[in-house]
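Inspection log for the structure reproduced underneath, given as structure tokens.
The basis for the numbers below is simple: all heavy atoms, side chains too, and nothing from hydrogens, waters or symmetry mates. Just so we're clear, the structure is a prediction, and the values are computed from it rather than from any experiment. Residue numbers start from 1 in every chain, and the chains themselves are labelled A, B, ... in the order their sequence lines are given, proteins ahead of strands.
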There are 2 protein chains.
Amino acid sequence: MIVIDYRDRRPIYEQVVERFQELILKNLLEPDSQLPSVRNLAMDLSINPNTIQRAYSELERQGYIYSVMGKGSFVAENIRLVLNKKEEILNELKQLAKAAEEYGIAKEELINVIMDGVREE
Amino acid sequence: MIVIDYRDRRPIYEQVVERFQELILKNLLEPDSQLPSVRNLAMDLSINPNTIQRAYSELERQGYIYSVMGKGSFVAENIRLVLNKKEEILNELKQLAKAAEEYGIAKEELINVIMDGVREE
DNA sequence: ATAACTGTATTAACCACACTAGTACAGCTG
DNA sequence: CAGCTGTACTAGTGTGGTTAATACAGTTAT
């Protein structure tokens, strides 16, 4: 479910946050379904519970999950999150298009990449 | 010429590296022209010479500049660098297009962003 | 009720990394 | 020779991520 990449320069808790964001946004985790407990996930990943706790706090702050004392942490349902994500992607694209223009890449070339789909990784 | 953003999470030396890459790739610094000396630039930016030294070492390693003992550091000319940068941008675009597809953004929408150019920031 | 599970909070320690400070050496140039 | 360049090294500082241990609060199953 969650994989930690120790070659990744970003902190562990951030990787955990990002991974759950992805799972939730793509509906791979249904709303109100329960997340692994702080201690369990920490065991699974062989890391400290505090690190998971930090990731969960962040996810809750961002509205991806909600936590209930004594019960657990659960997936929130929030349509706005998906919309925000889409907007974020389009913004990134805008930045990228700007950079491409500055380096003399034709718009046609960008469109080719998009239309070709993604074959290899 | 160079500006440091202390709110940026990335280290100073990395910001310096990136800024010079940009200046060189966009031909705002001509090949064989001299860069500010390690000590001077450090003074200008009110940071430690070692930090600039580190940035310059990295830039030399990547082929953006060359340094000569006793003389200074100079802009290298390397066509491949521009090609690499373009390739890098196209790769990022490919990744972005992939993500967009996964989140249900129509290709048409992406193309709109590209064709519209960049109006506001 | 009690055990076993949940989230939450706090404190201390460790470690890696960016950065600073100071000094020194090597080489070019006026 | 003085003053500039790049380069190297050591030592110290501060921050941030992570670990460790403990404790408290609340739910659930037996």
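B:E60 comes within 4.0 angstrom of the backbone, heavy atoms only, and of no base. Across all strands, B:S73 comes closer than 4.0 Å only to sugar-phosphate atoms, never to a base (heavy-atom distances).
In terms of phosphate contacts, B:S67 brings no side-chain nitrogen or oxygen within less than 4.0 Å of OP1 or OP2 of D:dT5.
Comparing A:V68 and B:R10 against DNA chain C, the residue whose closest nucleotide sits nearer the 5' end is A:V68. Map A:Y13 and A:G70 each onto its nearest nucleotide of DNA chain D; the residue landing nearer the 5' end is A:Y13. Comparing A:P11 and B:G72 against DNA chain D, the residue whose closest nucleotide sits nearer the 5' end is B:G72.
Evaluation of the side chain to side chain contact (heavy atoms under 4.5 Å, CB included) rule for A:Q21 yields A:V17, A:E18, A:L59, A:Q62, A:Y64 as partners, not counting sequence neighbours.
Taking only distance into account, the side chain of B:R39 meets the base of D:dT7 through a donor-acceptor pair shorter than 3.5 Å. No donor-acceptor contact under 3.5 Å links the side chain of B:R54 to the base of C:dT20.
Atom CD of A:Q34 is separated from atom P of C:dC5 by 14 Å (rounded to the nearest Å). Atom OH in A:Y6 sits roughly 12 Å away from atom C1' in D:dG17 (whole-Å rounding).
Of the candidate nucleotides C:dA21, D:dT5, D:dG17, D:dT5 has the atom lying nearest to any side-chain atom of B:N40. Taking every side-chain heavy atom of A:N50 into account, C:dA9 is the closest of D:dT7, C:dT20, C:dA9.
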Stepwise salt bridge (charged side-chain N to carboxylate O under 4.0 Å, His left out) check, B:E102 with B:K98: CA-CA 6 Å; B:E102 289 173 342; B:K98 189 175 163 193; 5.3 Å; no

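A salt bridge links B:R9 with A:E14: the distance from a Lys NZ or Arg NE/NH1/NH2 to an Asp or Glu carboxylate oxygen falls below 4.0 Å.
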